[in-house]
Amino acid sequence: MEALKQVKKGKKKPTANLESELKDYTNDAFFKKKRERAKEVLDKYGIPEHFLTNSK
Amino acid sequence: MHLEKYDFIKGPEKHYYHFFSEGSKGRIEKVIEFFEIHTGIFNLAFGDVDEKTGHINDTVASNNDDRDKVLATVAGAVFDFMDDHPGAILYAEGSTPARTRLYQMGISKFWDEISEDFKIEGFAKGGWKPFAKGENYESFLLKIK
């Protein structure tokens with residue numbers, strides 16, 4: 001868990017300058033394709049009940 | 001265990017994380033997206049910004065010799081996102097089998113720590129099953145235990 005805590009320390013709050021440089025990728029073709037693929041898999045195979053309910 | 005990683009920046013859009021990989025191939029911007037595809041279920045995707053087109057792709061091996069650092073940074077973004085969305089389920093699949101194996105390597109590498117707090121399923125041979133090191137999967141689900 002300590003290793004995970006160390007990883008979590010990396011976040012920064014965005015600054016005004018950086019925000020202005022960051023593009024909006026909501027309509028990016030790559031991300032859209034990935035979302036469609038995810039939906040396709042989950043619509044076809046679903047999520048296992050034991051995963052949703054934490055049962056073993 | 002000390003994990004070297006890049007600092008990431010949470011973009012002004014709700015679920016984007018940006019960071020820069022630096023190495024022999026120069027400075028490469030990488031973007032991580034968490035996108036809600038069904039209520040409470042988010043797709044995790046990330047790739048490099050193509051500096052010529054401004055678009056994202058993950059089929060190009062940018063090869064900045066920092067694979068582990070990039071994986072640790074993505075892991076950090078996952079932990080940050082799950083902090084904000086503790087009830088969320090993440091789905092992740094690489095654009096290619098090699099890319100999916102990269103995700104799998106990252107999960108296996110940090111499995112002892114990850115498995116304390118997260119439940120992970122892997123999809124293989126037509127069905128979901130609890131993640132086990134040494135098995136090969138096509139995609140993954142993750143949630144907080």
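Small disclaimer: the values here were computed from a predicted structure and weren't measured. Residue numbering restarts at 1 for every chain, and letters A, B, ... go by the order of the sequence lines.
The side-chain heavy atoms of B/Leu141 and A/Leu42, taken from C-beta on, include a pair separated by under 4.5 Å. In this structure, the side chains of B/Tyr91 and A/Ile47 stay at 4.5 Å or more apart for every pair of heavy atoms.
B/Asp50 meets the side chain to side chain donor-acceptor pair (under 3.5 Å) test with no other residue; sequence neighbours excluded. Listed by chain and number, the residues in a side-chain contact (heavy atoms from CB on, under 4.5 Å) with A/Lys33 amount to none (sequence neighbours excluded).
Residues of residues 127-140 of chain B having a heavy atom under 4.5 Å from any heavy atom of chain A, listed by number: B/Trp128, B/Pro130.
Minimum interatomic distance between A/Tyr25 and B/Val31 (heavy atoms only, all atoms of both residues): CE1-CG2, 3.6 Å. The two atoms that bring A/Phe51 and B/Lys119 nearest to each other are CE1-O, 3.5 Å, heavy atoms only. In plain terms, the two heavy atoms of A/Val41 and B/Glu93 that are nearest each other are CG2-OE1, 3.9 Å. B/Ala45 approaches A/Lys34 most closely through the heavy-atom pair CB-CE, 3.9 Å.
Panel note: side chain A/Asp28, backbone B/Ile56; a donor-acceptor pair is recorded below 3.5 Å.
When the side chains of ILVMFWY residues are joined at heavy-atom separations under 4.5 Å, either directly or via intervening members, B/Leu71 and B/Leu44 end up in two distinct hydrophobic clusters. Connection of B/Val78 to B/Met105 is not established within any shared hydrophobic cluster, with ILVMFWY side chains joined at heavy-atom distances below 4.5 Å, either directly or through further cluster members. Residues B/Leu102 and B/Leu90 fall into different hydrophobic clusters, defined by Ile, Leu, Val, Met, Phe, Trp and Tyr side chains chained together at heavy-atom separations under 4.5 Å.
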Listed pairs under 3.5 Å, donor-acceptor, residues 33-42 of chain B side chains, sequence neighbours left out:
{"unit_1": "B/Glu33", "atom_1": "OE1", "unit_2": "A/Arg35", "atom_2": "NE", "d": "3.0"}
{"unit_1": "B/Glu33", "atom_1": "OE2", "unit_2": "A/Arg35", "atom_2": "NE", "d": "3.4"}
{"unit_1": "B/Glu33", "atom_1": "OE2", "unit_2": "A/Arg35", "atom_2": "NH2", "d": "2.5"}
{"unit_1": "B/Glu33", "atom_1": "OE2", "unit_2": "B/Tyr16", "atom_2": "OH", "d": "2.5"}
{"unit_1": "B/Glu36", "atom_1": "OE2", "unit_2": "B/Gly40", "atom_2": "N", "d": "2.7"}
{"unit_1": "B/His38", "atom_1": "NE2", "unit_2": "A/Asp43", "atom_2": "OD1", "d": "3.0"}

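Of the two parts of B/Val49, only the side chain, counted from C-beta on, holds a non-hydrogen atom closer than 4.5 Å to a non-hydrogen atom of chain A.
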